[in-house]
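Taking it in order: structure first as structure tokens, then the write-up.
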Amino acid sequence: MATRQSVEAFLQRCEDSLRNAQEQINTARRQEAYNATEYTYAQMQLEDVTNELAKLAQSCNEQQREQLHRMRLQLQQLQNDMTLDANIIQEYK
């Protein structure tokens with residue numbers, strides 16, 4: 001069983017990753033260009049926490065699983081946005 005503290009710490013890590021990725025996507029949208037290394041790193045962070053989330057969810061209670069599910073939806077939405085934006089930016093280079 002995952003502890004409340006470990007789930008809260010993990011959710012904070014997820015939010016940090018979301019914030020970093022959102023900064024990268026906002027920069028890319030504003031400038032119609034982006035730092036490919038930082039952008040890719042942000043995408044990898046999102047992927048890593050999404051994978052860890054799936055593992056953590058297996059040892060959580062129902063309430064914790066619900067919290068993790070909502071976070072997973074946010075992570076996946078931002079991953080999709082970043083992928084689509086990167087493709088659009090590449091098209092116009």
Practice problem: Show your working on side-chain hydrogen bond (donor to acceptor under 3.5 Å, both in side chains) between Gln76 and Asn80 and close with a plain yes or no. | Solution: CA-CA 6 Å; Gln76 288 177 330; Asn80 292 340; over 6 Å; no
Exercise. Among Gln43, Glu47, Gln74, find the residue that satisfies the side chain to side chain donor-acceptor pair (under 3.5 Å) test when tested with Gln79.
Key: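 In the set Gln43, Glu47, Gln74, the residue that makes a side chain to side chain donor-acceptor pair (under 3.5 Å) with Gln79 is Glu47.
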Quiz item: Looking at Gln12, Arg4, Gln5, which one forms a side chain to side chain donor-acceptor pair (under 3.5 Å) with Glu8?
Solution: Arg4
Value rounded to 0.5 Å, distance of [atom1] in [X] from [atom2] in [Y]:
X	Y	atom1	atom2	result
Gln22	Glu15	CD	CD	13.0 Å
Ile25	Asn20	CD1	CG	12.0 Å
Cys14	Leu46	SG	CG	9.0 Å
Leu56	Gln67	CG	CD	10.5 Å
Gln45	Leu18	CD	CG	10.0 Å
Leu11	Arg70	CG	CZ	9.0 Å

Self-check item: Partner residues of Gln64 under the side chain to side chain donor-acceptor pair (under 3.5 Å) criterion, sequence neighbours left out
Solution: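 If we apply the side chain to side chain donor-acceptor pair (under 3.5 Å) test to Gln64, skipping adjacent residues, there are no hits.
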Practice problem: Decide yes or no on salt bridge (charged side-chain N to carboxylate O under 4.0 Å, His left out) for Lys55 and Glu52, but give the supporting numbers first. | Solution: CA-CA 5 Å; Lys55 292 176 189 173; Glu52 288 180 48; over 6 Å; no
Quiz item: What's the shortest heavy-atom distance between Leu68 and Phe10, and which atoms?
Solution: CD2-CD2, 4.0 Å
Quiz prompt | Chi angles and distances behind the side chain to side chain contact (heavy atoms under 4.5 Å, CB included) call for Met71, Leu75 | solution = CA-CA 6 Å; Met71 179 57 70; Leu75 292 166; 4.0 Å; yes
Quiz item: Between Thr40 (side chain) and Thr37 (backbone), is there a donor-acceptor pair under 3.5 Å?
Solution: no
Quiz item: For Ala21, does its backbone N or O pair with a side-chain atom of Tyr39 as donor and acceptor, under 3.5 Å?
Solution: no
Exercise. Report the C-alpha separation of Glu38 and Glu23 in whole Å, then their side-chain angles, then the decisive distance to 0.1 Å, and conclude whether the side chain to side chain contact (heavy atoms under 4.5 Å, CB included) test is met.
Key: CA-CA 10 Å; Glu38 290 179 23; Glu23 287 173 15; over 6 Å; no
Quiz item: Going through the distances and angles, do Arg13 and Asp16 end up as a salt bridge (charged side-chain N to carboxylate O under 4.0 Å, His left out)?
Solution: CA-CA 5 Å; Arg13 238 180 90 214; Asp16 292 343; over 6 Å; no
